[in-house]
Amino acid sequence: NESPTVEFQPGRALSPNGEIGDATPSTGASPLDERIRLEERLLGAHRKAAASAPPIAPPIPRRADGNCVEPSFAQSRLWVVEQLGAARGNYHIARAWRIRGTLNPEALRAALDAVVSRHEALRTRLVMREGALRQQIEAHRPFELRRADLRALPESARESSLNEFLRSVARDPFDLSADCMLRAGIAQLGDREHAFVVTLHHIAADGWSLNVLDREIGQGLRIAAGVAPERRADLQVNPHDRGARQRGDRPGTVRRGAS
């Protein structure tokens, strides 16, 4: 297999019309865009403060209730909003990259496959069980990477087709009861030029997740190129464990201080 010769860098935000744009704030930014930027600033401040502060809470324990768990309070609220149908696409977190250099799309797909395998929140469905909302964690299945080959198109048609492809990957609705919460697509524009787009649903990710995604996709590409070990560090916190602690130790109870 041909190894990628590009260095994977953090991507750019998508503009409202689906084009690859600047990640700087604009007057047309959505509330979710503003929240992501706020979360990133808060994360930076938190890390700086936490570097010199002693721990104030015990580690979050691993849950012991299998693959069907209660959602967090925030997930429950977001699920209700999605059922109303008024916010379709507003809770998608999308990023895009222009990649110049030799790229093996299968290596990219394998890197994304490893991300989904590693993070069970991305393969979790929200379903009703006996009148209550539950998260059903699914077994890992091979990740499907959307692909488009636009090399044969004239330049003007290529850009419009690219923007249409980006919009599709970024804005197509997620079925929270069936879909993987990570979607991605790769469009080939030339022999050494590609456009890559990923979309996460906010019910499984937030602005902080984007740095993790950047890092793990890059690591997957380096593994495919044979320049990084396959061993990955164990996850310290699992979102489902955090949700279980928030909900309390017993069904129907709420731990004091949960928000």
Side-chain angles (χ1 to χ4, degrees), residues 1-24 26 33 89 92-119 122-123 140-174 179-201 205 209-232:
N1 288 339
E2 189 175 28
S3 299
T5 59
V6 293
E7 178 66 22
F8 190 82
Q9 300 290 342
R12 293 176 177 266
L14 287 183
S15 64
N17 65 358
E19 297 176 351
I20 299 178
D22 200 328
T24 56
S26 67
D33 293 329
H92 294 185
I93 304 172
R95 266 192 177 182
W97 294 256
R98 288 272 192 174
I99 301 176
R100 292 180 173 86
T102 303
L103 177 70
N104 180 353
E106 179 54 30
L108 182 59
R109 191 209 65 79
L112 291 160
D113 187 79
V115 171
V116 175
S117 176
R118 177 172 167 78
H119 296 277
L122 299 176
R123 44 187 171 84
H140 176 62
R141 293 178 294 178
F143 184 80
E144 295 183 9
L145 176 66
R146 297 189 187 184
R147 306 188 190 197
D149 189 344
L150 308 180
R151 289 176 292 177
L153 298 177
E155 186 172 353
S156 58
R158 189 186 311 145
E159 286 301 312
S160 62
S161 296
L162 171 61
N163 289 331
E164 181 179 348
F165 177 73
L166 295 175
R167 279 194 295 270
S168 173
V169 177
R171 303 292 294 178
D172 282 355
F174 283 91
D179 290 345
C180 175
M181 295 296 104
L182 171 66
R183 180 191 302 144
I186 186 78
Q188 187 164 6
L189 307 175
D191 291 340
R192 294 174 56 82
E193 183 177 6
H194 298 76
F196 171 52
V197 56
V198 297
T199 305
L200 296 154
H201 196 285
S209 307
L210 295 175
N211 292 330
V212 177
L213 183 66
D214 287 341
R215 183 172 65 250
E216 294 199 4
I217 296 176
Q219 183 182 15
L221 287 175
R222 289 189 291 274
I223 290 172
V227 296
E230 294 196 20
R231 169 68 177 166
R232 291 177 169 88

Trainee: Could you tell me the separation between the CD atom of Q188 and the NE2 atom of H194, rounded to the nearest 0.5 Å?
Mentor: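 NE2 of H194 is found 3.5 Å from CD of Q188.
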Trainee: Of all heavy-atom pairs between P105 and L145, which one has the smallest distance, and what is that distance?
Mentor: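 Heavy atoms of P105 and L145 come nearest at O-CD2, 3.9 Å.
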Trainee: Is there a side-chain contact between L200 and L122, using heavy atoms and a 4.5 Å cut-off?
Mentor: yes
Trainee: Would you confirm whether R123, through its side chain, and V116, through its main-chain N or O, come within 3.5 Å as a donor-acceptor pair?
Mentor: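 A pair under 3.5 Å: yes.
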Trainee: Within the side chain of S168, is there an N or O that forms a donor-acceptor pair under 3.5 Å with the backbone of E164?
Mentor: no
Trainee: Please answer whether the main-chain N or O of R183 pairs with a side-chain N or O of T199 as donor and acceptor at a distance below 3.5 Å.
Mentor: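 No: the side chain of T199 does not pair with the backbone of R183.
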Trainee: Looking only at non-hydrogen atoms, find the nearest pair between A184 and L112 and report the distance.
Mentor: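 Nearest pair, atom of A184 first, then L112: CB-CD1, 3.6 Å.
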Trainee: Of all the heavy-atom pairs spanning I93 and A205, show the shortest one and how long it is.
Mentor: CD1-O, 3.9 Å
Trainee: Within the structure provided, determine whether T102 and R192 are in side-chain contact (heavy-atom separation under 4.5 Å).
Mentor: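 Yes, side chains in contact.
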Trainee: Apply salt bridge (charged side-chain N to carboxylate O under 4.0 Å, His left out) to residues R147 and E106 and explain how you reach the verdict.
Mentor: CA-CA 11 Å; R147 306 188 190 197; E106 179 54 30; 3.4 Å; yes
Trainee: Does R98 come within less than 4.0 Å of E159, counting only side-chain N to carboxylate O?
Mentor: yes
Trainee: Closer than 3.5 angstrom, by distance alone: can the side chain of D113 be matched with the main-chain N or O of F143 as a donor-acceptor pair?
Mentor: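 Checking the backbone N and O of F143 against the side chain of D113, a donor-acceptor pair under 3.5 Å is found.
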Trainee: Check A94 against A170 and note the closest heavy-atom contact, atom names and distance.
Mentor: CB-CB, 3.9 Å
Trainee: If the threshold is 4.0 Å, N to carboxylate O, is there a salt bridge linking R158 and E155?
Mentor: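 Salt bridge: no.
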Trainee: Verify the neighbour count for atom CZ of R146: are there more than 12 heavy atoms of other residues, nucleotides or ligands below 6.0 Å?
Mentor: yes
Trainee: Could you tell me if H92 and D172 have a donor-acceptor pair between their side chains, going purely by distance under 3.5 Å?
Mentor: no
Trainee: Hey, what do you get for CD1 (I217) to CH2 (W97), rounding to the nearest 0.5 Å?
Mentor: 5.0 Å
Trainee: Check whether any side-chain heavy atom of V212 sits under 4.5 Å from a side-chain heavy atom of V115, and report yes or no.
Mentor: no
Trainee: Can you check side chain to side chain contact (heavy atoms under 4.5 Å, CB included) on E216 and H119, steps first, answer last?
Mentor: CA-CA 11 Å; E216 294 199 4; H119 296 277; 3.0 Å; yes
Trainee: Grab the two heavy atoms, one from G185 and one from V169, that are nearest each other, plus how far apart they are.
Mentor: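 Smallest heavy-atom distance, with atoms named: N-CG1, 4.0 Å.
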Trainee: Could you grab the distance from atom NE2 of H201 to atom CG of D179, nearest 0.5 Å is fine?
Mentor: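 With rounding to 0.5 Å, NE2 (H201) is 9.5 Å from CG (D179).
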Trainee: Within this structure, what is the CG-OG distance for the pair L153 and S161, rounded to the nearest 0.5 Å?
Mentor: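 One gets 5.0 Å once the value is rounded to the nearest 0.5 Å.
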Trainee: Taking it one step at a time, do V197 and I186 satisfy side chain to side chain contact (heavy atoms under 4.5 Å, CB included)?
Mentor: CA-CA 7 Å; V197 56; I186 186 78; over 6 Å; no
Trainee: Start with the C-alpha gap between D214 and R95, add the side-chain angles, then the distance that decides, and say whether side chain to side chain contact (heavy atoms under 4.5 Å, CB included) holds.
Mentor: CA-CA 10 Å; D214 287 341; R95 266 192 177 182; 2.6 Å; yes
Trainee: Would you indicate whether the side-chain heavy atoms of L182 and F174 approach each other to under 4.5 Å?
Mentor: no
Trainee: Nearest heavy-atom pair of F196 and I99: which atoms, and what distance?
Mentor: CB-CD1, 3.9 Å
